[in-house]
2 protein chains.
Amino acid sequence: MTHPSPLFDDLDRKIVAALVENARTSFTEIGAAIGLSASAVKRRVDRMRETDVITGFTTTVRPAALGWRTEAYVEVYCDSAAPPRRLAEVVRNYPEIIAAMTVTGGADALLHVMATDVEHFEEVLERIRAEPFVRQTISYMVLSHLLTGSPEAGSAPPATATQ
Amino acid sequence: MTHPSPLFDDLDRKIVAALVENARTSFTEIGAAIGLSASAVKRRVDRMRETDVITGFTTTVRPAALGWRTEAYVEVYCDSAAPPRRLAEVVRNYPEIIAAMTVTGGADALLHVMATDVEHFEEVLERIRAEPFVRQTISYMVLSHLLTGSPEAGSAPPATATQ
DNA sequence: CATGAAATGCGTCGCCA
DNA sequence: TGGCGACGCATTTCATG
């Protein structure tokens with residue numbers, strides 16, 4: 001068994017859960033909730049930022065309010081010659097691509113794309129298809145979200161580990 | 001038409017961009033950067049929270065550090081009888097499903113699933129497939145991320161609007 | 001109608017026990 | 001780790017163009 005694990009314990013988990021739920025919660029309040037002083041909470045948060053358990057604090061917005069009204073997932077099929085990892089460089093040049101990953105299955109990669117409207121999306125798609133080693137794309141336009149907020153990985157999974 | 005739109009101007013956009021980049025940035029600092037007082041910034045943030053332009057402040061974590069080491073996208077094909085929207089209720093019972101949406105294309109819905117490992121994922125998949133009106137699923141396991149952080153919708157799209 | 005300025009209460013952050 | 005203290009920030013109230 002793992003020992004009282006000095007690397008990441010239940011207190012850390014509760015702190016992360018609180019910060020995922022609201023990133024602007026004060027250390028004092030978190031400390032009061034879990035029975036720790038504010039300085040102890042700050043130390044733990046600083047350590048988690050250092051070890052990249054916590055990667056940042058961000059704000060969630062309603063994309064439509066900012067003008068992003070069209071969302072899609074795009075499967076990308078690459079030329080068998082080029083490794084899909086090379087898409088990493090390409091993908092950086094598209095502000096419309098908010099996530100990209102290599103996947104198992106028929107396609108080599110999956111892109112998460114945001115656009116202002118369908119016309120804009122079509123334009124982005126044409127640019128992607130014009131990239132050197134992109135052979136084919138298949139798009140899935142998002143119609144509606146069935147899950148609004150993301151309860152997310154803030155909660156603890158069955159078992160836990162580090163790295 | 002709408003005039004210089006008091007609803008959402010460039011200052012608001014800059015504030016949102018700053019908060020997306022770091023949700024714990026002080027109003028004072030944001031104000032100094034855009035030429036506004038702290039109270040003015042706070043008022044604008046409060047208003048944006050009220051109108052749901054800003055939906056929350058959250059913390060980004062490295063999922064692997066919390067024990068979520070397996071990620072996948074799952075296409076769901078429903079029985080033609082049941083509307084895919086009914087998946088909304090089902091999906092809520094799965095902490096492993098962090099996003100779900102209806103999409104165009106062959107599948108009715110697309111699920112974003114997180115699990116601790118492949119065994120756990122298989123177990124989740126079996127539960128999903130056992131749901132009443134789920135006819136078929138196709139899974140895409142995520143191998144590696146090509147885009148780490150999400151520059152996201154923090155930046156301004158070509159044109160802007162509200163609602 | 002939104003802003004800036006001042007006042008108070010609270011949080012943060014470094015230091016020491 | 002907790003506690004203390006200085007400083008900075010958030011938040012409210014008030015007056016102004």
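Chain A is the first sequence line, chain B the second, and so forth, proteins listed ahead of strands; every chain is numbered from 1.
- Partners of Glu123(A) by side chain to side chain donor-acceptor pair (under 3.5 Å), not counting sequence neighbours, listed by chain and number: Arg127(A).
- For the helix from dC1(C)-dG17(D) to dA17(C)-dT1(D), the axis fitted to the five pairs at one end and the axis fitted to the five pairs at the other end meet at an angle of 30° (nearest 10 degrees).
- Residues in residues 17-52 of chain B take part in no ring pair (Phe, Tyr, Trp, His ring centres under 6.0 Å) pair, two or more places apart or across chains.
- For Arg47(B), no side-chain nitrogen or oxygen approaches OP1 or OP2 of dA2(C) to under 4.0 Å.
- Taking CG from Asn22(A) and CD1 from Ile30(A), the interatomic distance works out to 8.5 Å, rounded to the nearest 0.5 Å.
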Polar-atom pairs under 3.5 Å, protein N or O versus N or O of nucleotides 7-11 of chain D: list them with distances, or write none.
residue, atom, partner, partner atom, Å
dA10(D), OP1, Phe27(B), N, 3.0
dA10(D), OP2, Phe27(B), N, 3.2
dA10(D), OP2, Thr28(B), N, 3.3
dA10(D), OP2, Thr28(B), OG1, 3.1

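- Rounded to an integer number of Å, the gap from CG of Leu19(A) to P of dT12(C) is 10 Å.
- A salt bridge does not link Asp108(B) with Arg135(B): every distance from a Lys NZ or Arg NE/NH1/NH2 to an Asp or Glu carboxylate oxygen is 4.0 Å or more.
- Between the C1' atom of dA2(C) and the CE atom of Met48(B) lies a distance of 14 Å, rounded to the nearest Å.
- Side chains of Arg62(B) and Thr55(A): no donor on one and acceptor on the other come within 3.5 Å.
- With rounding to whole Å, Asn22(A) atom CG is found 13 Å from dG11(C) atom P.
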List the steps, then state whether salt bridge (Lys or Arg N to Asp or Glu O under 4.0 Å) holds for Arg13(A) with Asp9(A). CA-CA 6 Å; Arg13(A) 238 185 305 282; Asp9(A) 61 9; over 6 Å; no

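- Rounded to whole Å, atom P of dG4(C) lies 8 Å from atom CZ of Arg43(B).
- One can place CG of Leu11(B) at 13 Å from P of dA2(C), the figure rounded to the nearest angstrom.
- Residue Arg44(B) is in sugar-phosphate contact alone, with no base atom involved, counting any heavy-atom pair closer than 4.0 Å across all strands shown.
- Qualifying ring pair (Phe, Tyr, Trp, His ring centres under 6.0 Å) partners for Tyr73(A), counting only residues two or more places apart in sequence or in other chains: His112(A), Tyr73(B).
- Judged as a ring pair (Phe, Tyr, Trp, His ring centres under 6.0 Å), not a single pair has a partner in residues 121-141 of chain A (not counting sequence neighbours).
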